[in-house]
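Report on the following structure.
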Amino acid sequence: MKYFLISLAIIPTLVHGQVLRTDFGQTDPADVHRSAIPGDSVSGAVMLFAQGIYEIGRWSDGGYAAYYSLLFRIKILNETALALADVSFPYFSEDRKEQVVSIRGSTYNADSSGLITVSQLDAGQIFDDDADGSWHLKKFSMPQVRVGSVIEYEVVLRSEYLFSLRPWFFQQAMPVVLSELVVSWEEEISYNGVILNCEIPLERQEEVRTLPLTKWPTYRLTAHHVPALAEEPFVASMDSYRARAIFQLNSVAVQGRVIRWEKDWEEMGRKMLSSEQPLGKEMRPDKAFEPWVATARSHPTNPTGLRTELLNKLWSHCRWNGNISKYPELGVSRALKVGSGNSADLNMAYYQLLATAGYEVYPVLISTRSYGLVQKALPIRAQFNQVIVAIVEGGDTILIDAAAPEAAAGMLPDRDLNHWGLLLDKKGTRWVEVEPQHAHELSATYRVGIDTSGSMTVQRTTSEGYYQGFALQRRLERAGDTATFFAQLLSDIPAIEDISDIAVVRKGPERWSSSCQFEMTGSQGKQYLYPFFIDRDTENPFPPGSRSFAVDLASPLVKRISTFIVLPENYTVEALPKPATVRLPDGAGSFQFAVQVEGQTLLCHSEIRLNRYFFAPDEYATLREWYDNIVQKHAEPIILKRTAL
Amino acid sequence: MIRLLLLLTALLLTLPGRTQSLDTRSIPPNLKDQAHAVIRFWDESLEVRPDGRVRVQVHYAVTILDRQGDNRAACRVYYDEKLGKVQDFTGTLYDAQGREVRKLKKAEISDMARFDGFSLFTSSRVQVAEMRLPSYPFTVAYSYAYLEDFLYYTTWLPLRTEATSLERASLTLVLPPDKAVAHRARHFDPVHRAETIGNRQQLRWESGPIPAIRPDPLSGAPLTYLPHIRLQPQVLAFGGVSTDGSSWEGMGRFFYELNKDRDSLPPDLYARIRALTADIADPYTKIEVLYRYMQSQTRYVSVQLGIGGMQTFPASYVYDNGYGDCKALSNYMKGMLDVVGIEAYTALVRAEQDAYYLEPDFVHDPFNHVILCAVLPGSGGTASDTVWLECTSSTLAAGFLGNFTSDRPVLLCTPEGGRLVRTPPCPAIQNQQRRLAEVRLDRNGSAQVAVSMAFTGTQYDPPAHAQRASRQEQEAWLKRRIPGQEFTLTRLQFGDPDQRIGPPSIAMQYDLQVPRWATVSGPRLFVPLGRLVDTPEIPPAAPGRTQDLWIDVSWADYDTMLFALPENYTIESTPQTPVQVQTPFGVYETHIEWLSPTLLRFTRRLEQYKGRHPADQYEAYRSFLRTVQKGDQTQVVLSSKS
């Protein structure tokens with residue numbers, strides 16, 4: 001991840017600022033006439049100009065506020081992009097701390113004679129929707145938008161949320177010809193800023209705007225010809241790689257005294273743990289937990305058993321409501337009373353329970369995979385969206401997310417495996433690795449019986465461990481019942497007539513086992529038998545082409561398939577696939593394929609191991625080629641010959 | 001006094017619910033079967049007011065049996081903010097034994113805009129509350145009231161959804177003396193009672209236990225199997241228009257009157273239309289030209305405000321903004337046709353697979369979409385003709401409706417009143433995908449593939465959209481169409497779409513480099529023949545199926561694949577063909593022909609026919625698809641001579 005810091009000036013004074021204007025209305029007629037723009041083969045539109053002006057200061061309309069003047073000018077190149085003319089602008093309206101001050105919009109069209117017409121956005125066609133009570137959406141459709149139109153709209157937002165500024169994205173899903181961010185703040189406050197993932201050169205200008213009574217340090221960042229961010233598979237969040245600028249309050253001068261905010265992670269951690277802060281106030285164990293702990297202790301058990309017992313106790317009183325947050329929604333005691341809470345409610349409740357039981361326990365801030373990778377350069381709270389629990393036991397740090405069923409097996413769910421977390425400790429906040437301790441483990445065994453007429457009875461038994469086990473559990477829940485689940489699994493094999501003896505059993509907190517049986521009709525003469533049935537890898541999951549971003553699979557993989565085939569006396573083996581072993585460099589992975597014949601019994605075995613789960617872009621070709629071998633080997637059938645009895 | 005009497009009656013009617021034991025142990029076992037939740041009681045009363053609005057009052061309790069039933073623990077009350085807020089929203093949470101755990105707090109009720117998934121903005125809102133316990137089963141009871149325009153209240157569903165059973169339910173409808181309502185119960189047999197209290201009429205329906213219904217795969221729209229009562233006011237009054245609601249004629253008149261005189265166009269558009277059609281005599285061509293002009297100048301954006309659900313924005317709104325919803329765009333097009341003297345009427349339709357919702361022998365309002373019908377009078381003994389127009393599409397051709405609205409009864413709104421007519425069918429022959437592929441195979445299993453395709457009718461839309469997309473979007477679209485096949489695209493070219501009146505068509509050519517078309521194993525080459533064809537998925541088994549099988553669309557795929565195979569191989573195995581399967585669901589045929597020792601032709605014909613079949617035909621349908629899947633996975637095996 002690339003980043004650099006913006007240095008800051010701190011000079012205490014006060015007074016009022018002045019609004020800078022966007023370039024609204026300055027659309028170049030040439031852009032309206034053009035039918036093609038460099039880079040337009042990628043998407044149906046090109047962002048001609050994106051401009052963000054952030055001004056933070058004390059205004060005559062009362063108190064400190066950030067004014068965001070946002071301008072977007074887009075050339076519509078084909079019909080797939082017409083939807084860009086329907087705009088939804090989100091703002092947080094709770095207590096009216098954010099207000100949309102104005103919206104302006106124009107559509108530019110050129111007719112066949114070259115005459116440009118401008119259609120203004122009608123203020124009566126701007127609507128306000130509340131998305132969830134707190135978040136509102138300003139919604140409007142730009143008028144007269146067709147292929148070839150240039151649309152331009154400006155939104156001015158006033159926000160009293162000053163701690164973290166809205167991020168500015170230099171990079172979009174479409175190519176950007178010019179993106180400009182101007183950030184200006186009254187000198188008595190200052191911000192820390194960080195630019196992330198900017199591969200393209202960024203022009204920087206700094207100046208101090210001098211108004212009659214105040215000075216405004218002003219930073220202008222400009223990016224030209226920013227390519228569209230192309231999605232790639234096996235990336236947890238494309239936002240992790242989007243060129244953007246983020247800002248967090250650094251200092252405020254009050255009556256000549258400068259109050260600095262969180263200059264480093266240490267300070268941020270200490271502040272977050274203070275008892276006035278949302279997390280800090282949930283750190284003191286609730287007395288109501290003491291009887292829970294006493295009951296749990298009364299069962300003779302080891303330390304692992306005790307914390308599992310406490311977790312089950314917690315789950316019997318409080319369920320996860322599906323929301324992820326680093327801050328509790330209801331607070332621990334209220335969540336327990338209501339019977340449900342968000343991830344922070346659950347995790348802080350578990351923290352308190354463990355603390356009551358005498359464990360050495362800490363909250364850990366993380367960013368979930370879909371929320372993007374964390375940067376360590378600047379202490380910015382907004383990049384975290386989840387809190388989990390760290391238990392230090394015998395020198396080991398065990399991470400648990402009490403809002404996930406994986407916690408019962410002492411593992412983190414897939415969604416949390418995003419490499420780094422910030423452990424909050426009054427004695428010293430520190431980074432901890434958030435990595436998988438286990439793999440996706442699948443073992444499938446087939447027992448195939450063939451009768452003399454060629455009909456086959458196939459028994460499939462599996463053992464699904466750790467991430468594979470929990471994935472199975474989730475798929476089962478989605479399918480509704482085991483019969484539907486198996487029917488879906490087996491629907492790709494056309495010759496299957498009936499599935500029977502279906503069962504799924506949970507063998508332990510992290511292990512499931514399943515079994516089923518199906519019948520297949522054989523063919524006349526030669527029989528081409530693909531021995532791995534539904535567990536056969538028919539497609540390379542890594543598509544051709546090069547990559548810009550790392551492959552992040554979240555956890556390792558172990559997949560074993562064994563097939564035992566017992567042939568009747570009128571069957572002979574005519575040909576077998578050759579055994580193979582293919583390894584990835586440095587022990588990152590291996591594939592082994594073997595086949596053996598003993599009398600009328602055949603044994604086929606395939607084992608795929610991916611010990612690593614993070615591959616740099618330059619390792620991609622090797623990874624892809626390695627998987628090609630697997631697909632190729634799995635595509636080779638066993639050839640059986642049937643003779644008349 | 002009468003008011004008091006009614007109030008007391010309403011209270012008495014809902015009282016059993018309040019006193020009913022909510023102990024989950026008393027739920028009969030058959031109601032737990034196939035169910036994730038059990039509605040213990042659902043009491044709903046509708047009081048129609050003289051102004052045509054109705055006060056809807058609901059009190060119900062539902063027991064959540066397991067995690068899959070969780071979504072039933074939430075109560076969502078949809079209302080129109082123009083008519084006022086939700087009133088008296090209360091809730092109580094009970095444990096498994098039916099003991100009260102707690103009451104719902106006001107702060108737990110959230111109020112937000114309702115997103116219907118396609119409108120930019122509507123005045124419809126929703127209040128949501130949810131209470132849960134961490135362990136199952138538990139019960140939630142809610143009650144609330146809100147105002148609704150009676151015209152919008154068309155259907156009462158006591159079960160509301162699948163996988164939920166019902167212990168008992170009641171609907172009470174209180175009407176002023178001058179109002180009448182027609183009603184029809186479907187898929188259940190509630191006890192119905194009608195009486196007069198004071199000068200008011202009271203209609204009441206009561207239903208006893210109904211076991212949970214699990215939707216079978218391909219079982220059609222929910223109203224084809226969920227118990228429901230349809231209600232239809234016998235006088236339609238709204239926005240200053242009042243007509244007879246007991247006939248299709250009256251209903252069509254109602255919508256006609258509500259929307260008439262809103263299609264006049266500004267002078268410069270008038271002049272533009274004149275200029276566009278000045279040299280055209282043929283009315284079909286005029287429709288074609290004006291329809292395409294409308295498509296190029298407008299796009300679909302839905303804004304629904306108050307009466308806007310029934311009354312169109314004027315044509316000038318579409319002209320000013322360049323967008324509109326189905327009503328507004330149809331009305332705009334109607335105005336354009338009027339300029340050139342072509343008569344056209346809007347038609348109300350139930351779109352998509354819900355065509356069943358309209359029952360011609362029971363006048364009611366199941367409509368959710370508007371299309372346009374241009375009428376061309378016959379001359380010199382020829383019969384009059386119609387050209388149907390879907391005005392929200394930017395790609396379709398005039399006279400072609402696609403699966404969205406074809407082959408169903410629609411209500412034509414004319415000055416003489418409404419008329420139920422049927423939109424044209426959309427048979428398989430109109431909806432074709434033809435493919436000719438040449439596959440040149442190497443000894444290492446790789447192949448050079450050249451493909452020519454043509455799409456017509458309902459199969460035209462996806463490639464027509466792709467044709468208008470950027471190069472990268474086109475490639476991504478093609479990759480999605482050929483799943484499970486690794487390839488490098490070396491050429492992709494689209495023809496111009498043919499959008500003349502009738503089923504539209506478009507052609508496409510592409511070349512692929514496929515690294516592993518065939519599998520090499522020792523001396524053998526395994527060559528799959530159906531790699532590129534589109535094999536339909538087999539829906540899951542449904543033992544004990546009770547619902548009819550609905551196949552919604554007709555289409556036909558024709559494939560011809562020519563394989564140029566490497567030299568020096570002998571043919572070890574060729575599948576037996578021809579395969580010929582004819583069923584009521586469709587036809588499947590394949591044929592393999594060796595044109596020379598290294599040249600093979602594989603032809604495939606797959607047609608699917610729209611239709612409704614008895615539940616017991618479902619396995620036969622799956623078996624048909626299994627034959628298709630097996631046939632598509634066919635392969636020849638070659639053995640090296642060397």
Side-chain angles (χ1 to χ4, degrees), chain A residues 40-44 77-80 82 85-86 107 119 122 125 127 129-133 137 139-141 143-147 230 315-319 321 338-340 477 480 483-484 487-488 491-492 494-495 499 525-526 528 538-540 543-544 575 577-578 628 631-632 635-637 639, chain B residues 67-68 93 101-102 110-113 115 120-121 131-135 163 296-297 299 301 303 320-323 394-395 465 468-473 479 483-488 515-516 519-524 526 537-541 543 572-573 626-633 635 637:
Chain A
D40 64 6
S41 67
V42 176
S43 98
L77 294 163
N78 68 45
E79 280 183 10
T80 59
L82 286 175
D86 300 333
T107 304
S119 309
D122 177 359
Q125 297 298 317
F127 303 100
D129 258 356
D130 43 352
D132 70 355
L137 294 169
K139 296 168 100 179
F140 51 92
S141 267
Q144 304 296 354
V145 181
R146 315 187 246 288
V147 172
W315 284 347
S316 69
H317 284 78
C318 190
R319 287 196 309 161
N321 66 9
V338 169
S340 74
E477 278 170 14
T484 309
Q488 287 167 354
S491 67
D492 281 343
I499 317 165
K526 278 184 186 165
Y528 302 96
T538 55
E539 194 182 351
N540 191 335
K578 289 206 172 92
D628 261 353
V631 175
Q632 228 156 324
E636 290 186 45
I639 303 171
Chain B
R67 199 167 155 180
Q68 277 89 4
L93 176 66
V101 177
R102 69 180 185 91
S110 49
D111 187 328
M112 60 192 87
F115 294 98
L120 177 72
F121 187 77
M131 290 186 292
R132 287 184 190 180
L133 279 181
S135 55
S296 71
Q297 299 296 306
R299 60 197 182 90
V301 172
V303 174
D320 289 342
N321 292 297
Y323 59 72
S394 62
T395 52
H465 277 286
R468 296 165 185 222
S470 71
R471 178 72 188 176
Q472 191 165 307
E473 288 164 336
K479 283 186 178 163
Q485 178 69 72
E486 198 177 302
F487 61 84
T488 307
R516 270 191 314 275
T519 301
V520 182
S521 184
R524 290 181 178 79
F526 294 84
E537 279 184 17
I538 302 175
E572 182 177 295
S573 158
R626 209 180 284 126
T627 307
V628 174
Q629 204 177 61
K630 205 170 176 175
D632 287 353
Q633 289 188 7
Q635 62 179 0
V637 184

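Letters A, B, ... mirror the listed sequences (proteins, then strands); counts begin at 1.
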**Q.** Candidate pair B:S296 and A:R146, rule side-chain contact (heavy atoms from CB on, under 4.5 Å), full reasoning
**A.** CA-CA 7 Å; B:S296 71; A:R146 315 187 246 288; 5.8 Å; no
Q: May I ask you to name which of A:S316, A:A575, A:P637, A:P544 has the most heavy-atom pairs under 4.5 Å with chain B?
A: A:P637
Q.
Quick check: closest heavy atoms across A:D130 and B:D111, and the distance to 0.1 Å?
A. OD2-O, 3.4 Å
Q.
Is A:S340 in contact with chain B via its backbone, its side chain, both, or neither, using a 4.5 Å heavy-atom distance?
A. neither
Q) Roughly how far, to the nearest 0.5 Å, is the CZ atom of B:F526 from the CD1 atom of A:I639? A) 4.0 Å
Q: Could you tell me whether the side chains of A:T80 and B:E473 share a donor-acceptor contact shorter than 3.5 Å?
A: yes
Q) So does B:R102 have more than 12 non-hydrogen atoms from other groups sitting under 6.0 Å from CZ? A) yes
Q | Shortest non-hydrogen separation from B:Q485 to A:E539 and the atoms involved | A | N-OE2, 4.3 Å
Q | A:Q632 versus B:T519, side-chain donor and acceptor atoms under 3.5 Å | A | no
Q: Pick one of side chain, backbone, both or neither for A:V338, based on which atoms fall under 4.5 Å of a heavy atom in chain B.
A: both
Q. If every non-hydrogen atom of B:R468 is compared with every non-hydrogen atom of A:N78, which pair is closest and at what distance?
A. O-CB, 2.7 Å
Q. What's the spacing between B:M112 CE and A:L137 CG if we round to 0.5 Å?
A. 12.0 Å
Q: Identify, with sequence neighbours excluded, every residue that meets side chain to side chain contact (heavy atoms under 4.5 Å, CB included) alongside B:P515.
A: B:E486
**Q.** Heavy-atom proximity to chain A below 4.5 Å, by part of B:T395
**A.** side chain
Q. Does B:R524 have any salt bridge (Lys or Arg N to Asp or Glu O under 4.0 Å) partners at least two apart in sequence or in another chain, and if so, which?
A. A:E574, B:E572
Q: Supply the atom-to-atom distance A:W315 CH2 to B:S135 OG, rounded to the nearest 0.5 angstrom.
A: 15.0 Å
(Q) Can you tell me which portion of B:Q635 sits under 4.5 Å from chain A's heavy atoms? Options are side chain, backbone, both or neither. (A) side chain
Q. B:R132 versus chain A, heavy atoms under 4.5 Å apart: side chain, backbone, both or neither?
A. both
(Q) Quick check for you: among A:A230, A:P543, A:P577, A:C318, which has the greatest number of heavy-atom pairs under 4.5 Å with chain B? (A) A:C318
Q. Rounded to the nearest 0.5 Å, how far does CG of A:D122 lie from CG of B:D320?
A. 8.0 Å
(Q) Report which part of B:D632 has an atom under 4.5 Å of a heavy atom belonging to chain A: side chain, backbone, both, or neither. (A) neither
Q) Under a 4.5 Å heavy-atom cut-off, does chain A meet the side chain of B:V101, its backbone, both or neither? A) neither
Q. What part of B:R299 gets closer than 4.5 Å to chain A, counting heavy atoms only: side chain, backbone, both or neither?
A. side chain
